[in-house]
Structures are given as structure tokens and as C-alpha cells.
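We name chains A, B, ... by the order of the sequence lines, and we start the count at 1 in each one. The model shown is predicted, which means the values in this text are computed figures rather than measured ones. Heavy atoms only: backbone and side chains are in, while hydrogens, waters and symmetry mates are out.
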Protein chains: 2
Amino acid sequence: MIENISDSSVRRLSAYLRQLEHFSADGVAVVSSQLLARRMNVGDAMIRRDLALFGQFGRPGVGYDVDQLTANLRKILGTNMRWNTVILGAGKLSRALMEYPGFHERGFEIVAAFDIDPRKVDTKVGDIPIHHMDELETILAQCQARIAILTVPAEVAQQVTDRLAGAGIDGILNFATTHLETPQGIHIDQVDITAHLEQLCFHATNAIP
Amino acid sequence: MIENISDSSVRRLSAYLRQLEHFSADGVAVVSSQLLARRMNVGDAMIRRDLALFGQFGRPGVGYDVDQLTANLRKILGTNMRWNTVILGAGKLSRALMEYPGFHERGFEIVAAFDIDPRKVDTKVGDIPIHHMDELETILAQCQARIAILTVPAEVAQQVTDRLAGAGIDGILNFATTHLETPQGIHIDQVDITAHLEQLCFHATNAIP
DNA sequence: GTATGTGAAGTTATTCACAGCG
DNA sequence: CGCTGTGAATAACTTCACATAC
């Protein structure tokens, strides 16, 4: 079932969900694919097609119930349950992520961080304890985290990945600027902020004036 | 010319560039599309195809000169020159980005930040001054920045975007969890870290066991 | 009348496979 | 002989357009 579903579709489901959060906050109860599409500039047919991959969620002549579709998208994405998450590396970026409230609000709980710097180990950021990397396997077994965020230096990213895989992690979000060899049975998603800047740069450079 | 080039291709060019940086650091002078492809698990033909969009950079029977291809990719992306960049919002994430050395190394110079919090305004993060939002247009005119990074709350992201557009910014990297209406002549690229987590979540939930 | 869900059509992206160069 | 660059073939994605449901 999952086989036929493209990453692009899944990414768009997240975007729809984000937009639905806004509609809900504004007190909008029902949206049509057309309205949703206009807000995000995509085609309305694409929204219907993406949703159709998973079932029938709308009512012809009416549209989609905002709360109901929100719940359905959460169920599809899996964020209708809570996901314990750990973060590897306790640098600046890591701290910013630990203090970002949006993760908690959307089902992700950062339960522990890991570093090797003795000045950081055994301190806390908010409620989140920072452990030594040596304790990785022990703590992971305790906290049942299935997702990990990688903010360690590129040079050690692969070995940390392999340890995470060994400890039974299911998915890794990689902020290191290096491509990771993906261990069996794991998903890795890379966030390269520099690449995003380069994309803007490309368009600014090659714009048709 | 730019019309025919997909965003996916441009994103991959960044990824190739990142990998070439690693090859160069390891002292590798020449790479074949096959070797590069193996390192990134993509097809070798795709790399050749992506590059072919912009010219002929390799030598049949040999491969690509690492330094030369690096220089060519930088030229294509536009990062062979320096890009003054400003950052809007001076929260945790913003500070992490300001202190990230990778931007400078790759051609992006964060020259100023903006916020409305009086406790932050007129202080500095490293060498980067934090100005009041009121000064946005004045400072932008001075520092000639063409790229902006948005880390402001979602509620004000659109109005800040419109001001940036009015002040002549060419590209915006948006970290706010809201879709932005794109002003004429500007490019906007969104980074939704939650969406990345949701993607992992989706795969972990719907994995074929 | 309005909006969904979906076959069919159209478009774009990726892979194949090989001629031709070094 | 190895590797690039690229037409041709294939696969994937998106849009069109309409039968169907409200």
C-alpha cells in the first residue's frame, strides 16, 4: 500500500495539515479542495488526488470537514499518537529545536539529548536531560524513542547513524551536511539549509529580468 | 533557459556539491558519475543528465575533475560570488543560524538581524548587529542583502514578507509554519522541520513489516 | 448549483543503452 | 577499455474533465 505513495505526496499532506491548522484556528469548519488549493497555490485536483490515495474524506457538493480531515491526515501520517524523539548533539541548533514548542504540539516529544562534551553532559535544556553518548543504547531502550534528530558534526554522523540503527530507531532526521548510508529498515530524511539558500541563489542568479 | 530546469534538479546540484566538498577534503581529484552516484544512492545517469542541462563538464573515459566541477556547480548555483543575507527574528533558531559557520564557508554572509524585542535590539550575536524592524528598509538599502531568512512567528510572516519584497529582496527562506503568498519577482523556499518529522513518522507507521 | 473522486490524457522526470570520445 | 553525453523508451506525476453525489 505504502509502495505506491510518493514522498512528494506525503510532504504535501503535511502542508495541507499545516494549512488546516490555520483554518481551524480561524474558525473555518469546511473547506473545498479549491479553497485549500488557492491558499497554497497548488491545483485543486492534486489535493483531491493526494487524499484519494488514502480514502474518501470529502462530501460532494460540500467539501471537507476541517476537523475531520485534520484527524484523518494525522492518522495517515501517524501523528495521532505521540512519538518519543531523541536528539544527537547538543549544540546551538539542537538547543533551538529542544525549545521549539511546535514539536510537542504536533505529537513529537523530545525526551533526551546526547553529546560528548563533559560541560554539557548531565545538564538539562528545559526538561530535557543531556546524556553522554556512551549511554545512548541504555537510554534509548528506556525511553522507547523511535525517531532521532541528528545535529552532530558530519565526520561522526555515519557512525552515530549506525549506532542508532542498531538500537532500533526507525527514522533519522539528518541536519549534518553529509549523505548517510541508510541502514536496513530505517528511513533517513536530510535537511540541508545551505541547499535551500543555494536554491534561492540559483533563482536570483538566473532570473529572467 | 532557467525555465526548463526543475527544482529537483537544482536541489540535487546542491547535494552533488556537498559530496564534492567531501571528495575534495579526502584528496580525490577525479570522480566518475558512477562513483558519485554510489555515494549518494542515486542513478549515475541522473547525475550526467542533471549536469548536461548546463553544459559539458566531464571527460569521456576519465570522469569529472573534482575542483573544476565544484567551481562549475558554484557558478551555476550563483555561489561563486558572496551573498549578503539578513535574518528576520532573533529567537533561538535565528541565533543558531547566525553562529553556523557553514553559511560563510559557502558564500552566504549574514550581515544583520531584525527583531522588535527591545531587549534584543541594538545588541549583537557574534559580529551580527540586531536592529529594530523599523529600520528594515534603511539597513537593507545599506547592506545590499538580496536574501532573507524568516524566523518570525507565523502570524506576522506574510507582512514581513511583503516588506522584504518592497525593499527589493530576491529570495526568502521561510522557517515559519505558514504558506506565504509570493510577491511578484521573488522566490520563496519553505523549510518545515515538523513536516520532515511527519515524513519519518509516516514511513515508520506504514512500514511493511 | 456545487464539489468530490477518478478514468483518461497530457506532461514531466528518470532510466536505459549505446555511439563516440579520450 | 571506461566514461561521458544523449536520443529513445519507460515510468511517474499532474492536470483535465466529467459522471456522480449532495
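In this model, no donor atom of one side chain and acceptor atom of the other lie less than 3.5 Å apart for B/E198 and A/T79.
The stretch residues 22-36 of chain A has no heavy atom under 4.0 Å from DNA chain D, so no residue of it qualifies as close.
A/D44 has its CG atom 9 Å from the P atom of D/dC16, to the nearest Å. Rounded to an integer number of Å, the gap from B/F54 CZ to D/dT4 C1' is 18 Å. At whole-Å resolution of the value, CD1 in A/I47 and C1' in C/dG5 are 14 Å apart. For A/R11 and D/dC13, the CZ to P distance is 11 Å, given to the nearest whole Å. Straight-line distance from the CZ atom of B/F57 to the P atom of C/dG22: 17 Å, rounded to whole Å.
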List the atom pairs, with distances to 0.1 Å, where a side-chain N or O of residues 66-74 of chain B and a protein N or O form a donor-acceptor pair under 3.5 Å, not counting sequence neighbours.
from  : atom 1 : to    : atom 2 : distance (Å)
B/T70 : OG1    : B/V66 : O      : 2.7
B/N72 : ND2    : B/Q68 : O      : 3.1

Show me the side-chain donor-acceptor pairs of residues 158-165 of chain A shorter than 3.5 Å, one per line, residues at least two apart or across chains.
from   : atom 1 : to     : atom 2 : distance (Å)
A/Q158 : OE1    : A/E181 : N      : 2.8
A/Q158 : NE2    : A/D162 : OD1    : 3.1
A/Q158 : NE2    : A/E181 : O      : 3.1
A/T161 : OG1    : A/A157 : O      : 2.7
A/R163 : NE     : A/E137 : OE2    : 3.0
A/R163 : NH2    : A/M133 : O      : 2.8
A/R163 : NH2    : A/E137 : OE1    : 2.9

Identify every side-chain donor-acceptor pair in residues 107-114 of chain A under 3.5 Å, counting partners at least two apart or on other chains, and give the distances.
from   : atom 1 : to     : atom 2 : distance (Å)
A/E109 : OE1    : A/R82  : NE     : 2.9
A/E109 : OE1    : A/R82  : NH2    : 2.7
A/E109 : OE1    : A/H104 : ND1    : 3.1
A/E109 : OE2    : A/H104 : ND1    : 2.8

Distance-only criterion, 3.5 Å: show the donor-acceptor pairs between side-chain atoms of residues 145-153 of chain A and protein atoms not counting sequence neighbours.
from   : atom 1 : to     : atom 2 : distance (Å)
A/R146 : NE     : A/D170 : OD2    : 2.5
A/R146 : NH2    : A/D170 : OD2    : 3.1
A/R146 : NH2    : B/A204 : O      : 3.4
A/T151 : OG1    : A/L88  : O      : 2.9
A/T151 : OG1    : A/G89  : O      : 3.3

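Remark on the helix from C/dG1-D/dC22 to C/dG22-D/dC1: inter-end axis angle 10°, axes from five-pair C1' superpositions, rounded to 10°.
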When you look at A/Y64 and A/S32, which way does the side-chain contact (heavy atoms from CB on, under 4.5 Å) test go after all the steps? CA-CA 6 Å; A/Y64 302 87; A/S32 63; 5.9 Å; no

Protein-nucleotides 19-22 of chain D N/O pairs under 3.5 Å:
from   : atom 1 : to    : atom 2 : distance (Å)
D/dC22 : O4'    : A/P60 : O      : 3.2

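Not one side-chain nitrogen or oxygen of B/Y64 sits closer than 4.0 Å to the OP1 or OP2 atom of D/dG2.
In this structure, A/N41 places its CG atom where more than 12 heavy-atom neighbours from other residues, nucleotides or ligands lie under 6.0 Å away.
Here the shortest heavy-atom pairing between A/H179 and A/Q190 reads CA-OE1, 3.9 Å. Listed here is the closest heavy atom pair of A/L140 and A/A167: CD1-CB, 3.6 Å.
Applying the salt bridge (charged side-chain N to carboxylate O under 4.0 Å, His left out) rule to A/D7 yields no partners; only residues at least two apart in sequence or on another chain are considered. Under the rule for a side-chain hydrogen bond (donor to acceptor under 3.5 Å, both in side chains), A/H131 has no partner lying at least two apart in sequence or in another chain. When the side-chain hydrogen bond (donor to acceptor under 3.5 Å, both in side chains) test is applied to B/E21, the partners found at least two apart in sequence or on another chain are B/R18, B/R106. A/Y16 meets the side-chain hydrogen bond (donor to acceptor under 3.5 Å, both in side chains) test with A/D50; sequence neighbours excluded.
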For every nucleotide of nucleotides 6-14 of chain C, 5' to 3': is a protein heavy atom under 4.0 Å from its base (B), only from its sugar-phosphate (S), or from neither (-)? BBB----SS

